[in-house]
Participant: 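My questions all concern the structure below.
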Amino acid sequence: ASYLRGVAQNGYLTDGVWLSIGYPVAAATGVAQACKRSTENKKQRTFVVVGDGAFQEVCQAVSDQNFHRQNNVIFVLSNTIYGIEQFIVNPNPFREPPVNYPKKDDLLNSVYSYNDLHQWDFVKLGESFGSIGRRVDSLEQLSAVLCEIEDTTDRNFLVEIVVPKTDIPADLLAAAR
């Protein structure tokens, strides 16, 4: 997010470290409520980018957002693992190319099974909470969904963005080299 452009003053909220798993989803509820009460911010919209593991910890916040008729947009980066946790204990699977450890240390070549996530149907989950649910796995699909979001300003969206299992932010990847 440090590369975002066009964010209004006081328009960016984040947890400062990886220790607040799922924080942005619930925080969006409060931000949207505050914007709804402020006459100058009524048309603002809260956007969240969160990993699928973090989202699974706090998904019920989307129900509250719909109950309060908010128009948040939650982008869930879906790689089916607790990526940050895997990175902390063993970044090798994220390296390009990975270090090829000997067969006896083969565990170091893969994502640890305890970091695997149960694959959810985020579209159905979002719809069950009252959101518009979408799934994208290409830039073309993302572009179309972004147009739909722009045209539908009065509804909450839950958008699953499918990414490769070992996708990781570039800043973290640089630290793994």
Participant: From Arg134 CZ over to Phe75 CZ, what is the distance, rounded to the nearest 0.5 angstrom?
Facilitator: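 That separation rounds to 12.5 Å.
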Participant: Return the NE2 to OG1 distance between His118 and Thr80, rounded to the nearest 0.5 Å.
Facilitator: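 One finds 11.5 Å between NE2 of His118 and OG1 of Thr80.
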Participant: Which heavy atom in Thr153 sits nearest to a heavy atom in Arg45, and how many Å separate them?
Facilitator: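 Closest approach of Thr153 to Arg45: CA-NH1, 3.8 Å.
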Participant: Only counting residues at least two apart or in another chain, list the ones meeting ring pair (Phe, Tyr, Trp, His ring centres under 6.0 Å) with Phe47.
Facilitator: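 Ring pair (Phe, Tyr, Trp, His ring centres under 6.0 Å) check on Phe47 returns nothing, list empty.
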Participant: Is Gln119 atom CD crowded by more than 12 heavy atoms from other residues, nucleotides or ligands, each under 6.0 Å away?
Facilitator: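 Enclosed.
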Participant: What distance separates Glu160 CD from Asp121 CG, expressed to the nearest 0.5 Å?
Facilitator: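 Reported to 0.5 Å precision, the distance equals 7.5 Å.
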Participant: Search all heavy atoms of Gly22 against all heavy atoms of Ala54 and return the closest pair with its distance.
Facilitator: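 So the minimum-distance heavy-atom pair works out to N-CB, 3.5 Å.
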Participant: Flag the pair Gln86 / Asp116 as yes when at least one side-chain heavy-atom distance between them is below 4.5 Å, and no otherwise.
Facilitator: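 The answer is no, as the side chains (C-beta and beyond) never meet within the 4.5 Å cut-off.
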Participant: Hey, does Ile168 have a side-chain heavy atom less than 4.5 Å from the side chain of Ile84?
Facilitator: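 Yes. Closest side-chain heavy atoms under 4.5 Å.
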Participant: Would you say the side chain of Asn71 lies within less than 4.5 Å of the side chain of Asp154, judging by non-hydrogen atoms?
Facilitator: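 No. Closest side-chain heavy atoms not under 4.5 Å.
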Participant: Say you draw a straight line from CG of Asn66 to CD1 of Ile132; how long is it, rounded to the nearest 0.5 Å?
Facilitator: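 So the CG of Asn66 and the CD1 of Ile132 are separated by 9.5 Å.
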Participant: Working to the nearest 0.5 Å, report the span between CD1 of Ile149 and CG of Leu142.
Facilitator: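 Interatomic distance, Ile149 CD1 to Leu142 CG, rounded to 0.5 Å: 8.0 Å.
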Participant: Using only atom types and a distance under 3.5 Å, with no angle test, would you say the side chain of Asn156 pairs donor to acceptor with the backbone of Ser131?
Facilitator: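 Pair absent, no side-chain N/O of Asn156 close to backbone of Ser131.
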Participant: With a cutoff of under 4.5 Å between side-chain heavy atoms, which Ile, Leu, Val, Met, Phe, Trp and Tyr residues group with Phe55?
Facilitator: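 For the cluster that includes Phe55, the remaining residues are Val25, Val48, Val50, Val58, Val62, Ile74, Val76, Trp120, Phe122, Leu125, Phe129, Leu158.
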Participant: Under 4.5 Å between side-chain heavy atoms, counting indirect links through other Ile/Leu/Val/Met/Phe/Trp/Tyr residues: same cluster for Tyr23 and Val31 or not?
Facilitator: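 Both belong to a single hydrophobic cluster.
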Participant: Of all heavy-atom pairs between Asn72 and Ala28, which one has the smallest distance, and what is that distance?
Facilitator: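 Looks like ND2-O, 3.8 Å.
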Participant: Mind checking the NE2-OG spacing from His68 to Ser63? Nearest 0.5 Å is all I need.
Facilitator: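 His68 NE2 to Ser63 OG: 9.0 Å, rounded to 0.5 Å.
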Participant: Classify the side-chain pair Tyr82/Gln56 by whether it contains a donor and acceptor separated by less than 3.5 Å.
Facilitator: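 No - no donor-acceptor pair under 3.5 Å links their side chains.
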Participant: Report whether Leu77 and Val136 are members of the same hydrophobic cluster (ILVMFWY, side-chain heavy atoms less than 4.5 Å apart, transitive linking).
Facilitator: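 Yes; tracing contacts between hydrophobic side chains, which count when under 4.5 Å, links both residues.
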